[in-house]
Amino acid sequence: MSSRTHNCGELNKTHINSSVTLSGWVNSLRTHGKIIFIDIRDRYGKTQIILDKKDLINKGNSLSNEDVISICGKVNARTKDFVNKDISTGEIEVIANELHILSISNPLPVPIHDREASTEEHRLKYRYLELRNKTLQDNLIKRHNAAQVVRNFLSKKDFIEIETPVLMKSTPEGARDYLVPSRIHHGKFYALPQSPQMYKQLFMISGLDKYFQIVKCFRDEDLRSDRQPEFTQIDLEMSFVDEPDVRNLVEDLITTIFKKVNNVTIKKPFPILSYHDSINKYGTEKPDLRYKMELNSFKEFSDQSDFKSFKGLKYVTMLSVDDSSHFSRKIIDELDDYAKSIGAKGLAWMKCNGKNLEGGISKFFNKNLQSKIVSNYKLKNDSICFIIGDNSQLALKVLGLVRTKIAQMLNLCDNTIFKPVWIVDFPLFEWDEDQKRFESVNHPFTAPKDSDMEKLLSSPEEVLSKGYDIVINGYEVAGGSIRIHDDKMQKQIFEIMNITKKEINDKFGFFIDALKFGTPPHGGIAFGFDRLVMLLCGVNNIRDVIAFPKTTSASALMEDAPNTISETQLNDLNITIKKNEEDV
RNA sequence: GGGGUAGUAGUUCAGCUGGUUAGAACGCCGGCCUGUCAAGCCGGAGGUCGCGGGUUCGAGUCCCGUCUAUCCCGCCA
């Protein structure tokens, strides 16, 4: 009775006069007294059903949207005037002989066909209903397709997918771990993996020279529109490779995914940008190259001006935009507020009027200096310059974010265009002022550049790494490195990071031991799979490509997680919950 | 931890400088209707204005606090 001969999206002229059974949801209902139209829907499409027999009409009058029904009937050609070009089955309709009501739906708390017409709070609470929405279903189908392409592509290249533990050891470096208390070992905890980093390197030591996995990872940090606490990586590692080998493979993989899933051709090889250049030209290590608008050092000119706020500052950077007509005083003020909200002292500006500058801080620059600026930066007539100065790289960072904001304002972000870029030559370490020690920029297993080995002890801050990120349209889509495969070097890196011998031994001893038993040179990369799917779907929110996402406070509104647990459960784990001061 | 935005019917919103009984659309319930496809027409039900304080003769509206969602900064090796 509830079986179906066809889905709701496949009937067409070739099926005319056949007897069919369709099952699905009542998408909409149009009652006309002696005839009722029902659009029946499943994930494949919609089909119009006709009820014109008395007993069926009685039954049909009791239906409402989202009831689940099954109908048997005959496929009928629609006359020309009644063809519906908007749906795949629009040339036919099914005249019902039988109508079975399989399930009655309550009125819905969220509309299904218009996702915008409902707050996210509601949509997440009733996510299973929102997932009836076609766009969201299409996103999940695209996600599936991308995963299939990855598995096929890598399998053909002799990679094998191996699962790694989800309950692992907590390590001190990196993001905050999600922790799982042990029942058997009171007072001890497992950590959920931030990535399977050490396991995949151990596979290389095992001789499983090409590994990959599509795997959930967990980081207990605050969320963003492109960041969830649990997320999926395409993780891969290979032996006997150097940077170009990994880059070639990854470029092949990415172009294959975009071709097969979206039928988009991306040119190879991808451009390569050093970390240093990326920061100086775009103020970020994840530049969006769909638009140009590069940052320029302005220090040379600001130092000569009478503008005291900028004089002698270490970083003064300038961004020029061609058409100043988009920038009313109100818009400039908004950009200024934005720059201030993210840490700048302010956003200075000047407009180019032929050979001279006007408005904003232009009065602090004499005419001679003004024309030098115009010719030096080849400023176009009617362009506008935005300038930020600071004694730290914050100036670059903020102007980089202003650049992104302006691009959004000017609609320069076309989601059907994909501009990948490799970011390379990262520093190996950065100085952590709070902890007064060096920390890894990537992770502590990243190899230093061969040419920088001598500087490792004398000036660690100058050492570059064999790390690489791939950025597409301003999203960090993948990151990886060539790893250290020498135990002494690995130990040395931990020592430079001022991790005590005991801690190295406790946390990483097993791993450094493993490196001693014949470790091939190896390297790899991990993709943020959710972000990749975001790009494929043309959306800018990670929740739109995850079936059951978390909110920005890391809770699940539908099932209400996280939740409190019973005394019994706590007792099993030998855990007591501390009372807040206010509660006492 | 910090900043911005939002919270009024099942849903999305309106509600002016504080002033009778808080409105609309969609949805829901009842009725009419043989060609609609966001069907149409008539009628009806539906509200602790997120929560807690305060100011006031009077608060959806003003003030303070708080919660939730969202965007951003910090954070995310």
Side-chain angles (χ1 to χ4, degrees), chain A residues 27-40 46-53 57 61-62 64-66 76 78-79 81-87 89-90 93 95 105-126 129 171-177 194-195 197 217-229 231 334 337-344 394 397-398 401 404-405 408 426 428-430 432 434 438-446 465 467 476 479-481 493 497 526 528 540-541 543 550-553 555 557 582:
Chain A
N27 192 71
S28 63
L29 200 63
R30 296 175 291 280
T31 63
H32 290 240
K34 295 208 170 70
I35 187 169
I36 294 179
F37 301 94
I38 301 172
D39 288 344
I40 187 172
K46 291 189 286 192
T47 304
Q48 174 162 283
I49 308 298
I50 306 282
L51 306 182
D52 59 1
K53 296 171 185 63
I57 285 171
N61 271 321
S62 74
S64 53
N65 288 344
E66 300 306 312
N76 181 48
R78 297 200 199 188
T79 58
D81 292 346
F82 299 130
V83 166
N84 184 345
K85 291 185 201 104
D86 297 333
I87 58 176
T89 61
E93 59 199 6
I95 300 178
S105 170
N106 281 353
L108 295 190
V110 288
I112 284 174
H113 306 298
D114 185 3
R115 293 214 300 138
E116 303 305 313
S118 180
T119 60
E120 188 135 25
E121 205 170 344
H122 269 100
R123 289 190 273 131
L124 289 177
K125 182 165 181 192
Y126 299 99
L129 293 179
T171 52
E173 289 299 303
R176 218 172 274 123
D177 283 325
Q194 298 178 25
S195 82
Q197 184 61 36
C217 300
F218 306 85
R219 293 178 191 175
D220 189 1
E221 297 292 347
D222 287 348
L223 292 85
R224 285 287 188 283
S225 57
D226 65 344
R227 211 199 289 165
Q228 284 267 307
F231 60 101
E334 280 171 19
D337 286 343
Y338 175 65
K340 282 176 182 157
S341 78
I342 51 184
L394 188 76
K397 192 192 153 164
V398 173
L401 289 168
T404 310
K405 190 98 177 169
Q408 284 162 5
F426 288 89
L428 189 61
F429 298 112
E430 64 188 343
D432 184 325
D434 294 337
F438 284 109
E439 287 218 309
S440 294
V441 166
N442 190 235
H443 55 58
F445 312 109
T446 303
S465 81
E476 190 192 315
S481 61
I493 295 290
M497 294 168 67
N540 41 30
N541 197 303
R543 292 185 298 276
K550 300 281 188 285
T551 70
T552 41
S553 59
S555 44
L557 295 181
E582 304 111 60

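Each chain gets a letter, A, B and so on, in the order the sequences are listed, and its residues count up from 1.
Nearest-nucleotide mapping onto RNA chain B: of Glu430(A) and Pro107(A), the residue sitting toward the 5' end is Pro107(A).
Counting distance only, with no hydrogens placed and no angle test, the side-chain atoms of Arg227(A) and the base atoms of rC76(B) include a donor-acceptor pair under 3.5 Å. The base of rC37(B) lies close enough to the side chain of Arg78(A) for a donor and an acceptor atom to sit less than 3.5 Å apart. On a pure distance criterion of 3.5 Å, a polar donor-acceptor pair joins the side chain of Asn84(A) and the base of rC37(B). The base of rU36(B) sits with one of its N or O atoms less than 3.5 Å from a complementary donor or acceptor on the side chain of Gln48(A).
Nucleic acid contact for Ser28(A): sugar-phosphate only, since backbone atoms but no base atoms lie under 4.0 Å from a heavy atom of the residue. Residue-level contact check: Pro444(A) touches the bases, meaning some heavy atom is under 4.0 Å from a base atom. Asn541(A) comes within contact range of the sugar-phosphate backbone alone, with a heavy-atom separation under 4.0 Å but no base atom that close. At a threshold of 4.0 angstrom between heavy atoms, the contacts of Ser195(A) include nucleobase atoms, whether or not backbone atoms are also involved. Contact annotation for Glu93(A): base contact, defined as any heavy-atom pair under 4.0 Å involving a base atom.
For the pair Arg30(A) and rU36(B), the criterion of a side-chain N or O lying under 4.0 Å from OP1 or OP2 is not met. In terms of phosphate contacts, Thr31(A) brings no side-chain nitrogen or oxygen within less than 4.0 Å of OP1 or OP2 of rU36(B). For the pair Arg543(A) and rC71(B), the criterion of a side-chain N or O lying under 4.0 Å from OP1 or OP2 is met. Between Arg224(A) and rC73(B) there is a side-chain polar atom (N or O) within less than 4.0 angstrom of OP1 or OP2. Side-chain nitrogen and oxygen atoms of His32(A) include none within less than 4.0 Å of the OP1 or OP2 phosphate oxygen of rA39(B). Contact between the side-chain N/O atoms of Ser225(A) and the OP1/OP2 oxygens of rC72(B) is found at a separation under 4.0 Å. Of the side-chain N and O atoms in Thr404(A), none sit less than 4.0 angstrom from OP1 or OP2 of rC72(B). Contact between the side-chain N/O atoms of Ser341(A) and the OP1/OP2 oxygens of rG4(B) is not found at any separation under 4.0 Å. Side-chain nitrogen and oxygen atoms of Thr119(A) include at least one within less than 4.0 Å of the OP1 or OP2 phosphate oxygen of rU12(B).
Regarding Tyr126(A), its OH atom lies at a distance of 15 Å from the P atom of rA69(B), rounded to whole Å. Following rounding to the nearest Å, Asp81(A) (CG) and rU34(B) (C1') show an atom-to-atom distance of 16 Å. Whole-Å rounding puts the Asp39(A) CG to rG35(B) C1' distance at 13 Å. Atom CG of Asn540(A) is separated from atom C1' of rC71(B) by 11 Å (rounded to the nearest Å). A straight line from CD of Glu476(A) to P of rC75(B) spans 15 Å, rounded to a whole angstrom. Atom-to-atom, CG of Leu401(A) to P of rG4(B) comes out at 18 Å; the value is rounded to the nearest Å. Summarising the geometry, the separation between CG on Asn106(A) and P on rU11(B) is reported as 14 Å, rounded to the nearest angstrom.
Nucleotides rG19(B) and rG58(B) are separated by 7 Å at their C1' atoms, to the nearest Å. Look at the C1' atom in both rC16(B) and rC32(B): the space between them is 41 Å, to the nearest Å. Rounded to a whole angstrom, the distance from the C1' atom of rA14(B) to that of rG2(B) is 33 Å. Across rU56(B) and rC62(B), the matching C1' atoms stand 10 Å from one another, rounded to whole Å. Rounded to the nearest Å, the gap between the C1' atom of rG7(B) and that of rC51(B) is 11 Å. Going from the P atom of rU61(B) to that of rG53(B) covers 14 Å, rounded to whole Å. rG65(B) and rU5(B) have their P atoms separated by 15 Å, given to the nearest Å. Spacing of P atoms, rG18(B) relative to rC63(B), comes out at 11 Å, to the nearest Å.
Between Arg227(A) and Glu221(A), no side-chain nitrogen of the basic residue sits less than 4.0 Å from a carboxylate oxygen of the acidic one, so the salt-bridge criterion is not met.
Nearest to the side chain of Phe37(A), among rG35(B), rC75(B), rU11(B), sits rG35(B). Of the candidate nucleotides rU70(B), rC28(B), rC72(B), rC28(B) has the atom nearest to the side chain of Asn65(A). Comparing atom distances between the Thr552(A) side chain and each of rC29(B), rU11(B), rC71(B) picks out rC71(B) as nearest. The side chain of Pro111(A) lies closest to rU11(B) when the candidates are rG35(B), rA69(B), rU11(B). Distance from the side chain of His122(A) is smallest to rU11(B) among rC37(B), rA69(B), rU11(B).
Within the 4.5 Å cutoff, no side-chain heavy atoms of Leu401(A) are placed close to those of Val398(A).
Pairing of rC29(B), defined by two Watson-Crick or G-U wobble distances under 3.5 Å, is identified with rG43(B). The partner of rA6(B) is rU68(B), judged by Watson-Crick or G-U wobble contacts that both fall below 3.5 Å.
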